[in-house]
Asks: 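Quick one: the structure is below, questions incoming.
Keep in mind the model is a prediction, meaning the values are calculated, not measured.
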Amino acid sequence: MTAQPRIVPRYAHTTGPTSLTYTPDGKYLITVGSNELIRKFTVASEDEPITIDHAQDCKTGVTASNDTFAVSSEDGTVSLFSMSTNTFTQFLVRTTLPARDVAFSPDGNWVAVASDETTVKVVSLEDNRKIMSLRAQSNSTKHVSFHPFGNYLAVSGTDGTVYVYSLSSEEPTLVKKVDGVIRALSGESEVSSKVAWHPDGRAFLAPTATRDLVLVDRTDWAPGRVFTGGHNGDITDFAWSPNGAFLASAGTDGKLVIWDSKTQTVVTKYDYKNIVALAWHPRENTLSFTTNQGQLYTLPTVVPQDQAWLLELSTRTAPLKDVATSVVESRAGPPHQRKRSPTLHDILGGSMDGEDPGERELDDEDDDGDDFVVDDDRAGYVETNVNGKRGNTHLPPTNPTITKRRAFDVWSPETHSSFQPGSTPWRGKRRYLCLNLVGFIWTVDQDTHHTVTVEFYDRDAYRDFHFTDPFLYDQASLTEHGTLLACRSRDQNPAMLYYRPHESWTTRADWRTALPPGENPVCVALSHAYIVACTDTGYIRVYTLFGIALRVYRQKHTPVVACASWRDYVFVVGNGPVGANGRAQLTYSVENVKRDESFQSGDTVALTADATLKSVLFSDGGDPCVYDSDGVLLVCLHWRQPGQAKWVPLLDTRRMERLVGGKKEESYWPVAVAQDKFHCIILKGSEQHPYFPRPLLSEFDFQIPLSTAVVAPGAVASKSDQLEELFVRESVLLTLQRDSAAYTTTTASEEVEMTRRKNTIDKTLLQLLGMECQDDDHGAKALEICGLFRQPRTLDMAIKVAIRFGRTLLAEKIAELRDEMDLDAD
């Protein structure tokens, strides 16, 4: 047992039943109890909680989103409160008998209510007159639990039956009645009979009458692996960690147990009595729980430090298959082995523990040493053997150790998921399929079909249109020439591409084409000449605008993450080699489809270790750009020269003056890179995606993040810092223009623009020179500045500046530099 930490409780409520929940962003913790008060605690703050006085009966349950929270009461009311104003908003629904539990759907648009009635109500937050009634129960209900993706709702009845409903259609349907798992309990009992879905959605966990916890597989609804031996009393509450790596459970025996999800073994135990509700912090190694004495405890470092790193991984897979294992654990202490990251097979539906029961177990006395590996990546190869002996896992996690594992237990890195640039996820029944400077495409789920709307900013040049979509398109791209839509295969229908031009001299120019069976698009792109579809089989399929299949090839690094297209060029990003952090690095390729030439192939996208990709796009000048989760916009310099490409930051949104000193809490949704500006949509607070009504576009000038340009809150960057940033920025943009001019035919306006940039660079350097001439000690730096001029004639101006400030020696040095440059030119 881990050493008992001394935690000072906070007295939130009077004696009686209590409940608690974290907001999804982890900023607040809300508790309710048997008194009339609701407590809202700010996480990691010692300040007094906000108290909301709500004169209803004993509060039985609480659930929260980032914007609002709902509370159920014994008087049958479910009340809604604003998270920002901490005020009562409305009575969402009322039941004739006491309400027992309440839960938000994952999208935050619906609230499910369990009560002593036999009917469970699922109420819409947008319109509380919209209610789905679940009537299959023959007795009252005690708990409700939404599937992590919102597809199902599990209802725990007081008769000992779990009712699983499908919410995929407007009329909910009963999928399964699971008997013989939970026990029959009264609605007011402190003992739990709830269902907790595993974060990956493939199974749920339920308490049994034998004081164990059993995992029920969603594929056949049959009981599987069991968390057993942790409690000597009835289980009062339990919860998965946010990524499913651990499980916490509490019982009437006064024990708080932390389990290893993969092996169903006890990691550690704590002694805390009277626990009736518990909740994991969404992002930290922290567990909070309340007691029937009205006390709130927050337990930091609930998972021991040597295993806490597992909480930082992506969602683990549920341990579904009950097969033999070589790991023999002692219930008297925590397990010694570490867990590995899920493989792609795991993600697609396999088991992390899918070992062959017939494989022999490793044994120190029966091992030929052929299958040893070095566990230097903390991937989970270290195990105890059948004799209970440990290997080198007692060493600190940072020490590389030579350990043994099965030869077939292959570790696999985490990969970046695919996405369509400019697309947002479903929210309610709407989502954007594409957002750019031409216009936007959005779709509405009508249950049996979708309706797609295409709107343009320039309505003098284009005409908006919408249509009924029976194919359920979920990817789109929009240009000045046409609209491209794509959908995945469903039922017996293959995946489809649909292109519609804005103008045509023929009577009908739109067309559809189907992809081969079993192949689905993961992202699409459209240029003025080509259509590109990247599929889940790794193929890049290129079509002309009139549907002629032009090229097909397999991307070297898969799975593909995203793609973009501009004129004849295709920019594709995929998962590549494993980095030092155990995650797949993102690689990219840039190809000229028309000439069938590769400019870059398998080069790495320069992201930080923890950053993810938010968008890939071409600038209006035809340069590949990426925007990452750190809020940094990068452009690929020298991308037309194999082996010379480098990623240069054009803007770090975190360093913008509007965000310095915490002035505003906002992030940015990338839309386009054009006219030397970053075009985006501003997202307020914790928002992650734009929503309806259509938000306005904002634009920000490029600003190269230089170390000398760090500005304290309320301060202004010095003149020299501003000039240096302008010099570097204009130099980068000039280089991009020169690279383009070397491979394409430039127009007169483009030549004028390059000349203007050269003049701007030299003018900026002359201003810096003037500032340096005012300091007698900076002669060498002033001369160095003169070596950066882009035009020889500027040296004559520099000599005049030096003479003006009385720096005759510097003027002579500049003249020598000018003469040397003249000789080199000759």
Side-chain angles (χ1 to χ4, degrees), residues 418-425 431-443 450 452-458 462 464-467 469 471-488 495-504 509-513 515 520-536 539-551 560-573 590-591 593 613-620 622 624-627 669-674 679 681 689-690 697:
S418 303
F419 68 92
Q420 175 66 35
S423 175
T424 67
R431 62 176 294 199
Y432 290 104
L433 296 180
C434 180
L435 280 166
N436 59 29
L437 293 183
V438 177
F440 53 98
I441 305 173
W442 53 283
T443 184
H450 292 178
V452 176
T453 302
V454 181
E455 297 188 33
F456 300 91
Y457 294 110
D458 187 357
Y462 308 101
D464 298 346
F465 64 91
H466 71 276
F467 59 91
D469 168 25
F471 297 100
L472 310 183
Y473 294 117
D474 54 6
Q475 297 160 42
S477 185
L478 181 67
T479 68
E480 298 90 343
H481 304 282
T483 302
L484 172 66
L485 295 159
C487 66
R488 301 176 64 85
M496 193 79 66
L497 298 178
Y498 170 59
Y499 176 72
R500 172 171 172 166
H502 300 324
E503 292 182 350
S504 175
D510 59 328
W511 54 268
R512 290 185 179 87
T513 186
L515 296 183
N520 290 296
V522 295
C523 55
V524 295
L526 176 65
S527 70
H528 83 293
Y530 298 103
I531 290 169
V532 180
C534 303
T535 71
D536 54 6
Y539 287 124
I540 311 297
R541 297 185 177 273
V542 183
Y543 303 83
T544 67
L545 294 187
F546 296 98
I548 300 174
L550 185 65
R551 303 191 190 285
V560 174
V561 175
C563 67
S565 184
W566 181 82
R567 294 188 181 175
D568 299 333
Y569 299 98
V570 177
F571 173 34
V572 181
V573 177
V590 182
E591 305 199 11
V593 175
L613 202 59
K614 290 296 184 182
S615 185
V616 301
L617 63 162
F618 275 97
S619 68
D620 59 343
C625 299
V626 298
Y627 184 78
W669 178 265
V671 174
V673 177
H679 299 261
I681 294 171
H689 310 281
L697 297 183

Asks: Under a 4.5 Å cut-off applied to non-hydrogen side-chain atoms, are Val532 and Val524 in contact?
Replies: no

Asks: Using the test ring-ring contact (aromatic ring centres under 6.0 Å, His included), find all partners of His689 that sit at least two apart in sequence or belong to another chain.
Replies: Trp669

Asks: Hey, does the side chain of Ser418 reach the backbone of Val560 with a donor-acceptor pair shorter than 3.5 angstrom?
Replies: yes

Asks: State the CG-OH distance between Leu545 and Tyr543, to the nearest 0.5 angstrom.
Replies: 13.5 Å

Asks: Could you measure the distance from the CH2 atom of Trp511 to the OG1 atom of Thr513? Nearest 0.5 Å is fine.
Replies: 6.0 Å

Asks: Go through the steps for Phe618 and Arg567 under the test side-chain contact (heavy atoms from CB on, under 4.5 Å), then give the verdict.
Replies: CA-CA 10 Å; Phe618 275 97; Arg567 294 188 181 175; over 6 Å; no

Asks: I'd like to check Leu485 versus Phe467 (side-chain heavy atoms, cut-off strictly below 4.5 Å). Are they in contact?
Replies: yes

Asks: For Phe456, check ring-ring contact (aromatic ring centres under 6.0 Å, His included) against everything at least two apart and list the hits.
Replies: Tyr462, His502

Asks: How about Leu497 and Tyr499: do any of their side-chain heavy atoms sit closer than 4.5 Å?
Replies: no

Asks: So does Ile531 get a backbone contact from the side chain of Ser527, meaning a donor-acceptor N/O pair under 3.5 Å?
Replies: no

Asks: Can you give me the closest heavy-atom contact between Tyr627 and Pro670, atom names plus distance?
Replies: CD2-CG, 3.6 Å

Asks: So, Asn520 side chain and Arg488 main chain: donor-acceptor pair closer than 3.5 Å or not?
Replies: no

Asks: Taking only residues two or more places apart in sequence, or in another chain, which ones meet Tyr530 in a ring-ring contact (aromatic ring centres under 6.0 Å, His included)?
Replies: none

Asks: Any side chain to side chain donor-acceptor pair (under 3.5 Å) involving residues 473-484? Give me the pairs, sequence neighbours left out, ordered by first then second residue.
Replies: Tyr473-Arg512

Asks: Calculate, to the nearest 0.5 Å, the distance between atoms SG and CG belonging to Cys563 and Leu617 respectively.
Replies: 12.0 Å

Asks: At their closest point, which heavy atom of Trp442 faces which heavy atom of Glu455, and how far apart are they?
Replies: NE1-OE2, 3.3 Å

Asks: Where is the tightest heavy-atom contact between Leu613 and Val616, given as atom of each residue plus distance?
Replies: CD2-CG1, 3.4 Å

Asks: Could you tell me if the side chain of Ser615 sits less than 4.5 Å from the side chain of Val626, heavy atoms only?
Replies: no

Asks: So which atom in Leu478 and which in Cys434 form the shortest heavy-atom distance, rounded to 0.1 Å?
Replies: N-SG, 3.8 Å

Asks: Specify the closest pair of heavy atoms between Leu435 and Val671, including all atoms of both residues, with the distance to one decimal.
Replies: O-CG1, 4.0 Å

Asks: So Arg431 and Leu433, do their side chains get closer than 4.5 Å, heavy atoms only?
Replies: yes

Asks: Checking Arg500 now: which residues fulfil salt bridge (charged side-chain N to carboxylate O under 4.0 Å, His left out) with it, not counting sequence neighbours?
Replies: none

Asks: How many angstroms lie between atom CH2 of Trp566 and atom OG of Ser619, to the nearest 0.5 angstrom?
Replies: 7.5 Å

Asks: For Leu437 and Tyr457, what are the C-alpha separation, side-chain angles and deciding distance, and is it a side-chain contact (heavy atoms from CB on, under 4.5 Å)?
Replies: CA-CA 8 Å; Leu437 293 183; Tyr457 294 110; 5.6 Å; no

Asks: Knowing that exactly one of Ile540, Thr544, Val542 qualifies, which makes a side chain to side chain contact (heavy atoms under 4.5 Å, CB included) with Val593?
Replies: Val542

Asks: With sequence neighbours excluded, what pairs up with His450 under the ring-ring contact (aromatic ring centres under 6.0 Å, His included) test?
Replies: Trp426

Asks: Which value, rounded to the nearest 0.5 Å, describes the distance between Thr453 atom OG1 and Tyr432 atom OH?
Replies: 11.0 Å

